[in-house]
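Just so it is clear, the structure is predicted and the values come from calculations on it, not from any experiment. In what follows, chains are A, B, ... by sequence order, proteins preceding strands, each numbered from 1.
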Amino acid sequence: MESGDYQPSVSEPKWQKKWNDAGIFITDVNNSKAKFYCLEMYPYPSGKMHMGHVRNYSIGDAVARYKRVQGFNVIYPMGFDSFGMPAENAAIAENKHPRDITERNIQSITKQIKRMGFSYDWNRQVKSHDENYYKWNQLFFLKFLEQGLAYRDFAPVNWCNDCSTVLANEQVKNGRCWRCSAEVEQKDMSQWFLKITDYAQDLLDDLEIIDFPEKVKLLQQDWLGRSEGALINFSIEKSKSSIDAFTTRPDTIFGVTFVTLAPEHPLCEELVLGTEFEEEWRILRDEVLTMSDFDREKVLKDKKGVFLGRYAINPISGERVPIYAGNFVLYGYGTGAVMAVPAHDQRDFEFAKRYGIQIKQVLAKNKGDKESEKLTGAFTGLGWMINSTEPGYDGKFGEDAKSTVINALEKLNKGKGMIQWKIRPWLISRQRYWGTPIPIIHCKSCGVVPVPISELPVLLPDDVEFTGHGNPLETSLTFTNVKCPDCGGDAKRETDTMDTFVDSSWYFLRFSDAQNYEKAFEKDIANYWMNVDFYCGGIEHAQMHLIYARFWTKALRDAGMHDIDEPFQRLLCQGMVNKPAPYCAPCNVTYNIKYSGSNCPTCNQKLGERSAKMSKSLGNTVSPEEMIERFGADTVRLFILFAAQPEAEMEWTDQGIHAAWKQINQLYKIPEMIFSWSEESNRIDDWLLAIAKKRYNQWKESMENVNLRSAVQIAHYDMIADLNWYSRRGGRNTKTGHRFLKIWAPMLQIATPHLAEEWWSMLGNQQLLAEYEISDLNTELNLDEKLIIAEETYLKGFLEQSRNVKQMALKHMDKRPTEIVIETSQTWKHRMAKIGLEVQFSGDSIKDAFNLIQKEVFWNDQAIREEASRLWKKKMLPQLFKWKPSQKEMILLDLDENKVLQNAALFISEELELQKIHILKAGEEEGVDSKSKFAFPLEPGVVFR
RNA sequence: GCUGGGGUACCCGAGUGGUCAAAGGGGCCGGACUUAAGAUCCGGUGGCGAAGCCUUCGUGGGUUCAAAUCCCACCCCCAGCACCA
């Protein structure tokens, strides 16, 4: 524990117990209140909470507490995404059961989370591996099966050897497994899929009605990958078969000079079987087939293909074009066949060059252009059709050209307009134990038979062996050997389990009615709480979890289970928590912190430092447990929320956490100080209450925008500065201080709820701050309040300016100054400023102001006229724009500068260490060293003597 | 290669035409308090200067009465995607 007045180890558990005993965070449906659903992505329960978690939950808790104090009925649940491979791998390593490991981890991480004092409704806790949870996965699966949304298919799938399971498309990154980074292979297997593709358009369209970061929306758009185009049917010469090719550019149909098939396309074999071309094709196909996606990408630059010895017929021009198999054509996208237009597609261009195929330009860049002499690359933009072999096409452009071709194809019955998606059905089966069993039975005579709903859940068996080889479920005889529900004969149970992303696809719905044992959730209750108003989590889930969950929500809606279109209304992706690690700039390598201060192991140059994501491998982690132990939860939260905006990366520094600790202690002592004050009142009391109101407004605005950093700055830093100013100006009224604290404490609680409760109780409140609602703070500032704030702001500015001048003056004087002569601006200067501002506010051109000024009486005085003219151009005009709104207000309200200064005369002389102070209007008492020419509105001329 | 986000003072970082020599924090310097240290408070922290001027927001140009902010080109960093027909 660090030394200080605030004792987190005593205070924090105390308040946590009180919150818990009072059940403040337990919520229920309440139709008389507006609801607010605040949620963080539920964590995978590793044994220890890390800083990323702490940051995530600190953000969510701040929002939840803010909404609560604003009078919302807030649901803020927490649970665990507790199925998944780490537990199973740990089970293999430790020779234990994944359930035991998971339960143990949940216990330990729950304790750590609770120590942070987050305001969760723990009654709603959801654990994926709980049979009362995963049984609904099984029910949904059976429903989807019934609706045709789930199906089984024998297809090439992504296989990760290290994880010994298949992966969904989204879970393969650069040809590698998203979890373990091993290379992913292709395998033909029977697998279960969900038709997320049916919802592609809906998922794309509804991106517009949700408030997600642009980055995430773009990622999802890319992933969905909508492309509009045409399906074109090429018949094959001397064959009954034909080739369907998808293209986004039907307007280039007359430029087709060959057709390319994916090497593994079944048509290839049919075309070459028994011909001289068969051998070469087989070599190419085998190369593609045996290659992992990862290797395939490496050889992408080398586009190659083989001629298949046959020709296809262009359905519109009737031209005869050769058919190739090409290694760059993906069997899985579109139809696995491409119509090649080398003049207008870069890839086809390269291929044609390599194999000496004709290149035929059919689009012109500019209207009326003829074809170019020599093409050095493909022209891929939209263009004007030329060189069409049929009438009625040349001269058409872009979308018009495309639809003309599509119409023609449709008339010929040789094609149609079509939309193609990149997203593929979601492969949900996994060959692992620690997940939801897929409720299916395989019967020799009846085939694939769903488990009857009445027999759910299909429980994970305990008599399994974790050997690290194969699916452990296959080792359980009690599990695999069953009777067929249809015929009663011997059958085998499906041993695949569901992708754990299934669990996270609807847990937020379960939270709304977590203790329902009859249903997954009650429709009305889900409709009351959903959707999630504020969702916070890592960006890494942008295209997996966040697409699956959106899909699942829509699918359940269409199954009639609720009426919600989108699960998450607003998404915030919090930034990473970084810490410096040794870094070698020349080698561009970041090293483990054990290399700190030494030389680069590779190039032997001195290592620098670089901020890097906290990771075990770099060793630059900070243990939240240790930090809480030393500084308490509030300090950790304050630091985290103040160090950076929620979305930005933040850097963990020892200095920073110490600074937060100092701040906490300073805050802690404030009520005590205020209670030691007196009854004595002062004009500055009004200022303190006015500024409190202003700060509250600023704070509220920041909170509404989830600009937590700025809210914390106001509540934990600016308000202290205000209180200091109040003191400096002679304020010491206990009552005023009390009122200030009452406004302040609720603002404090979003980052430091324990400290705020301490305050609240010191203020004599019986009720807990956590259940207090700010009822009616009249937030609009009235004229008096604005004025008094303006006056103090003026005074601060004046002091700053005078101090500056005093420093300069010192250099010109042989003794310390003892007097100050203050000359406030001439009336005519003030008049000019006011006219300028009025014109500015009216929205008229600022140049008009000068015309108006020339009509003023003072303009008749020649001496003034000359000075005013110069002043306007040089200083007044820019200054009109530089003034803060509050300063502009001072001028428009004719703030009496002399009076403000007079009232604060004593204060000014103390601050500037002077004995005498003369306050004049410029020109009133022209002395030898008068600085009245410097006097300007809000900036009096001052002379030190 | 494509897409998106960035480059701001000693460090972190706010800032999207005038409120900007540039918030806030850290560090550093000075002052008050103190036996001292710590904590706290006050002030300073580009240069020169009786209040103004000069230089500065990745680099170089441009628009404007006015540019960190808008436009063009270039350099560098980060993230995502990558033969998608």
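Of all nucleotides present, none satisfies the Watson-Crick or G-U wobble test against B:rU63 with each distance under 3.5 Å. Both distances falling under 3.5 Å, in either a Watson-Crick or a G-U wobble arrangement, occur for no nucleotide opposite B:rA23. Searching all strands for a Watson-Crick or G-U wobble partner of B:rU40 with both distances below 3.5 Å returns B:rA32. Of all nucleotides present, only B:rC78 satisfies the Watson-Crick or G-U wobble test against B:rG4, with each distance under 3.5 Å.
Counting any heavy atom pair closer than 4.0 Å across all strands shown, A:Val341 reaches no nucleic acid atom. Note on A:Pro250: nothing from the nucleic acid sits closer than 4.0 angstrom, heavy atoms only. Residue A:Gly229 is classed as having no contact, given no heavy-atom separation below 4.0 Å to the nucleic acid. Within 4.0 Å of A:Ala659, counting heavy atoms only, lie sugar-phosphate atoms of the nucleic acid but no base atom.
Remark: the backbone N or O of A:Glu897 is not paired with any side-chain donor or acceptor of A:Thr824 at under 3.5 angstrom. Here the side chain of A:Arg55 pairs no donor or acceptor atom with the backbone of A:Ile640 at under 3.5 angstrom. For the pair A:Arg728 (side chain) and A:Glu911 (backbone), a donor-acceptor distance under 3.5 Å is absent. Panel note: side chain A:Gln220, backbone A:Ala542; a donor-acceptor pair is recorded below 3.5 Å.
A salt bridge links A:Lys806 to A:Glu913: one of the charged nitrogens lies within less than 4.0 Å of a carboxylate oxygen.
Annotation: of the two residues near RNA chain B, A:Ala337 and A:Asp718, the 5′-most nearest-nucleotide partner is A:Asp718.
Look at the P atom in both B:rG52 and B:rG61: the space between them is 30 Å, to the nearest Å. Distance check on atom P: B:rG6 versus B:rU16 gives 12 Å, rounded to whole Å. Using atom P as the reference point in both B:rA22 and B:rU35, the two lie 39 Å apart (nearest Å). Using atom P as the reference point in both B:rG60 and B:rC53, the two lie 25 Å apart (nearest Å). Comparing the same atom, P, in B:rA66 and in B:rG47 gives a spacing of 28 Å after rounding to whole Å. Nucleotides B:rG31 and B:rC77 are separated by 43 Å at their C1' atoms, to the nearest Å. Rounded to the nearest Å, the gap between the C1' atom of B:rA32 and that of B:rG38 is 16 Å. Using atom P as the reference point in both B:rA37 and B:rC29, the two lie 13 Å apart (nearest Å).
Summarising the geometry, the separation between CZ on A:Phe639 and C1' on B:rG26 is reported as 10 Å, rounded to the nearest angstrom. Rounded to whole Å, the distance from CG on A:Asp222 to C1' on B:rG80 is 8 Å. Going from atom NZ of A:Lys215 over to atom P of B:rG4 covers 13 Å, rounded to whole Å. Between the CD atom of A:Glu823 and the P atom of B:rA50 there is a distance of 19 Å, given to the nearest Å. Spacing between atom CZ of A:Phe246 and atom P of B:rA85 amounts to 7 Å, rounded to whole angstrom units. For A:Phe212 and B:rG5, the CZ to C1' distance is 19 Å, given to the nearest whole Å. The interatomic distance linking A:Leu330 (CG) with B:rA85 (C1') rounds to 9 Å, in whole Å. Separating the CD atom of A:Glu350 from the P atom of B:rA85 is a distance of 16 Å, rounded to the nearest angstrom.
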Query raised in the report: Would A:Phe639 and A:Trp652 satisfy ring pair (Phe, Tyr, Trp, His ring centres under 6.0 Å), going step by step from the backbone distance to the final call?
Result: CA-CA 9 Å; A:Phe639 172 48; A:Trp652 187 279; 4.8 Å; yes
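Environment of NZ in A:Lys353: sparse, with no more than 12 heavy atoms of neighbouring residues, nucleotides or ligands closer than 6.0 Å. Residue A:Lys217 qualifies as enclosed at atom NZ: its count of foreign heavy atoms under 6.0 Å is above 12.
Taking only side-chain nitrogens and oxygens, A:Ser227 comes nearer than 4.0 Å to OP1 or OP2 of B:rA85.
Checked against B:rA85, B:rA23, B:rG26, the side chain of A:Tyr333 finds its nearest nucleotide in B:rA85. Here the side chain of A:Arg347 is nearest to one of B:rG4, B:rA51, B:rC84, namely B:rC84. Closest to the side chain of A:Gln801, from the set B:rG25, B:rA51, B:rA85, is B:rA51. Side chain of A:Lys422, nearest nucleotide from B:rC84, B:rG80, B:rA51: B:rC84. Proximity note for A:Val805 (side chain, C-beta onward) versus B:rG26, B:rA85, B:rA50: the nearest is B:rA50.
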Query - B/S/- contact track for nucleotides 37-49 of chain B, protein heavy atom under 4.0 Å - result: ---SSSS-----B
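Ring geometry for A:His344 versus A:Phe379: interplanar angle over 60°, hence perpendicular rather than tilted (30 to 60°).
With ring centers used as reference points, A:Phe258 lies under 6.0 Å from A:Phe351.
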Between protein and nucleotides 8-15 of chain B, what N or O pairs are separated by less than 3.5 Å?
none

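Side chains of A:Met650 and A:Arg709 form no contact here, defined as non-hydrogen atoms less than 4.5 Å apart. Using a 4.5 Å heavy-atom threshold, the side chains of A:Ile359 and A:Thr257 count as separate.
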